[in-house]
2 protein chains.
Amino acid sequence: MGSGGRPRTFDIEGALDAAVDTFWRHGYEAAGLAELTEAMGISRPALYRAFGDKDQLFRSALTRYIDQNMTYVSDALARPTAREVAHAFLTGNVAAVTTPGRPAGCLSVQAMVTDEAEAFSLLAENRRTIQERLRDRFAEAIAEGDLDAEQDPDRLARFLITLATGFAIRATDGETREELLAVADCAIATFSKPEPRDAEATRHGTVPLRKAAND
Amino acid sequence: MGSGGRPRTFDIEGALDAAVDTFWRHGYEAAGLAELTEAMGISRPALYRAFGDKDQLFRSALTRYIDQNMTYVSDALARPTAREVAHAFLTGNVAAVTTPGRPAGCLSVQAMVTDEAEAFSLLAENRRTIQERLRDRFAEAIAEGDLDAEQDPDRLARFLITLATGFAIRATDGETREELLAVADCAIATFSKPEPRDAEATRHGTVPLRKAAND
DNA sequence: TCAGTACCGTACCGATCGATCCGGTACCGA
DNA sequence: TCGGTACCGGATCGATCGGTACGGTACTGA
């Protein structure tokens with residue numbers, strides 16, 4: 001029983017990186033097999049042998065993209081205060097979507113064009129996962145007294161995710177890193193501390209309202 | 001020489017509306033001729049005779065979409081205070097991207113997948129135009145004393161556009177209108193008035209308050 | 001040496017893409 | 001009545017889509 005066979009003649013991770021770049025630039029539908037194989041430097045059958053089909057290749061590429069380009073999410077969540085979490089998340093996102101030498105925007109948003117394909121659910125699921133991690137982190141911050149108790153963790157998490165998603169689109173519109181960072185600063189103000197002595201000022205800076213329905 | 005010819009047998013505006021819906025649901029690339037012609041109820045050659053080619057059809061559809069579904073932008077800009085402008089813009093956008101019976105999201109964002117096509121520039125240009133109108137409006141608000149003079153009109157406009165763009169994506173992720181409205185309320189707090197002391201009625205933003213002092 | 005295995009890539013598959021050819025038809029003014 | 005014109009749509013175009021069949025090759029263990 002032979003365990004061998006002809007060895008692969010290309011670097012599979014290098015090829016995957018090229019696939020990430022291609023999907024990132026053009027999205028799922030617009031990235032054709034011809035473009036993919038040319039960027040990856042391999043033949044069409046080699047792609048199918050190594051990665052399955054186009055959909056599986058995209059899933060592999062998305063996983064690698066998340067591992068390599070969204071580490072700022074975990075980094076942000078590890079910050080000690082809610083305000084720092086929000087700040088690190090937004091600035092990290094801006095940096096990621098405006099990295100020189102890489103395609104503008106975010107693969108998770110850029111590829112969303114997939115017309116009700118299976119891959120679509122992966123992207124929304126990724127955003128939902130990050131949103132849940134942010135929400136849990138802000139709930140913790142409230143429990144610790146780090147964040148105003150009147151704030152809704154779910155709403156704050158949604159706020160950050162929505163803004164970050166907007167950053168990805170705006171970056172592909174040509175917005176610069178500095179411009180997006182300035183926008184991020186607008187949002188940080190939402191994450192004020194309880195300010196026990198001057199409660200009224202805190203109340204002014206935030207907007208207490210009906211809590212969002214969560215499902 | 002005859003000026004006539006066989007009359008068109010379909011409603012060209014109705015067909016265009018169907019095209020808007022199809023592009024809205026699937027984006028530019030994913031909306032195929034077969035799907036378009038079926039939705040529009042006309043044959044393929046009829047489409048080309050009436051609208052030119054696919055690209056020109058999309059431009060016509062985008063124009064009609066803007067005319068019919070983005071009136072909230074002009075409405076928002078006409079509000080008396082900067083805070084009301086911001087509030088009306090964001091809530092109007094949320095309503096537009098979560099209208100029951102219509103596709104979730106925004107055609108201008110959904111169709112952005114067009115792989116460096118000419119149509120792409122139209123979409124970014126549309127966002128830039130709106131951003132400029134908001135910026136001018138906020139500059140005016142500062143001049144009138146309606147908005148804190150330390151605010152940057154350009155940054156505020158960018159902030160709203162970015163958030164609205166994010167709303168469009170998040171709506172297609174399945175976020176509900178209420179959830180997005182709650183997020184919008186987060187952002188309204190940024191538009192504070194020059195004199196923070198008398199600001200008490202910042203509830204859920206439904207009741208915009210005019211500045212008690214002069215202007 | 002030789003069967004087994006997994007890689008290689010040329011050439012090709014059916015389906016679908018956007019776009020058009022062309023014979024037929026309905027309306028105009030002369 | 002008739003030439004001119006513009007719309008009608010079935011049939012079809014070449015190009016490209018995602019995906020594969022297949023003959024050839026390089027490595028394994030027996």
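Each chain gets a letter, A, B and so on, in the order the sequences are listed, and its residues count up from 1.
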Value in whole Å for how far the P atom of dT20(C) lies from CG of L47(B)
12 Å

I'd like to know if the side chain of R155(A) pairs up with that of Q151(A) as donor and acceptor (distance under 3.5 Å, no hydrogens or angles considered).
yes

For R102(B), is there any backbone N or O sitting under 3.5 Å from a side-chain donor or acceptor partner on T99(B)?
no

If you assign each of G52(A) and R6(B) to its closest nucleotide in DNA chain D, which residue comes earlier from the 5' end?
R6(B)

Measuring from the side chain of A34(B) (C-beta onward, heavy atoms only), which nucleotide among dG18(D), dC17(C), dG9(D) has the closest atom?
dC17(C)

Salt bridge between E13(B) and R64(B), side-chain N to carboxylate O under 4.0 Å?
yes

List the steps, then state whether side-chain contact (heavy atoms from CB on, under 4.5 Å) holds for M40(B) with L57(B).
CA-CA 12 Å; M40(B) 298 166 80; L57(B) 171 62; 4.1 Å; yes

Could you check how far CG of L33(B) sits from P of dT12(D), rounded to whole Å?
19 Å

How close or far is atom P of dC17(C) from atom OH of Y48(B), stated in whole angstroms?
11 Å

Determine whether the side chains of D53(A) and Y48(A) contain a donor N or O and an acceptor N or O closer than 3.5 Å.
no

So P7(B), base contact, sugar-phosphate only, or nothing? Heavy-atom distance under 4.0 Å.
sugar-phosphate

Between atom CD in Q56(B) and atom C1' in dG18(C), what is the gap in whole Å?
13 Å

Whole angstrom value for the distance that separates C1' of dG18(D) from CZ of F58(A)
16 Å

Rounded to whole Å, how long is the line connecting atom CZ of R44(A) with atom C1' of dC13(C)?
12 Å

Any-strand Watson-Crick or G-U partner of dA30(C), both distances under 3.5 Å:
dT1(D)

Lys/Arg-Asp/Glu bridge criterion (N-O < 4.0 Å) met for D173(A), R128(B):
no

Mind calculating the distance between CZ (F51(B)) and P (dG18(C)) to the nearest angstrom?
16 Å

Answer yes or no: does a side-chain N or O of R49(B) lie under 4.0 Å from OP1 or OP2 of dC8(D)?
yes

How long is the line joining CD1 of I42(A) and P of dT10(C), in whole Å?
13 Å

From dA19(C), dG19(D), dC21(C), nucleotide with atom closest to K54(A) side chain
dG19(D)

On the six-membered ring of F23(A), is K54(A) placed so that its NZ or CZ lies under 6.0 angstrom from the centre and within 45° of the ring axis?
no

Which ones in residues 8-24 of chain B lie close to DNA chain D, meaning a heavy atom under 4.0 Å from one of its atoms?
R8(B), T9(B), F10(B)

G5(A) or G32(B), whichever maps to the more 5' nucleotide of DNA chain C
G5(A)

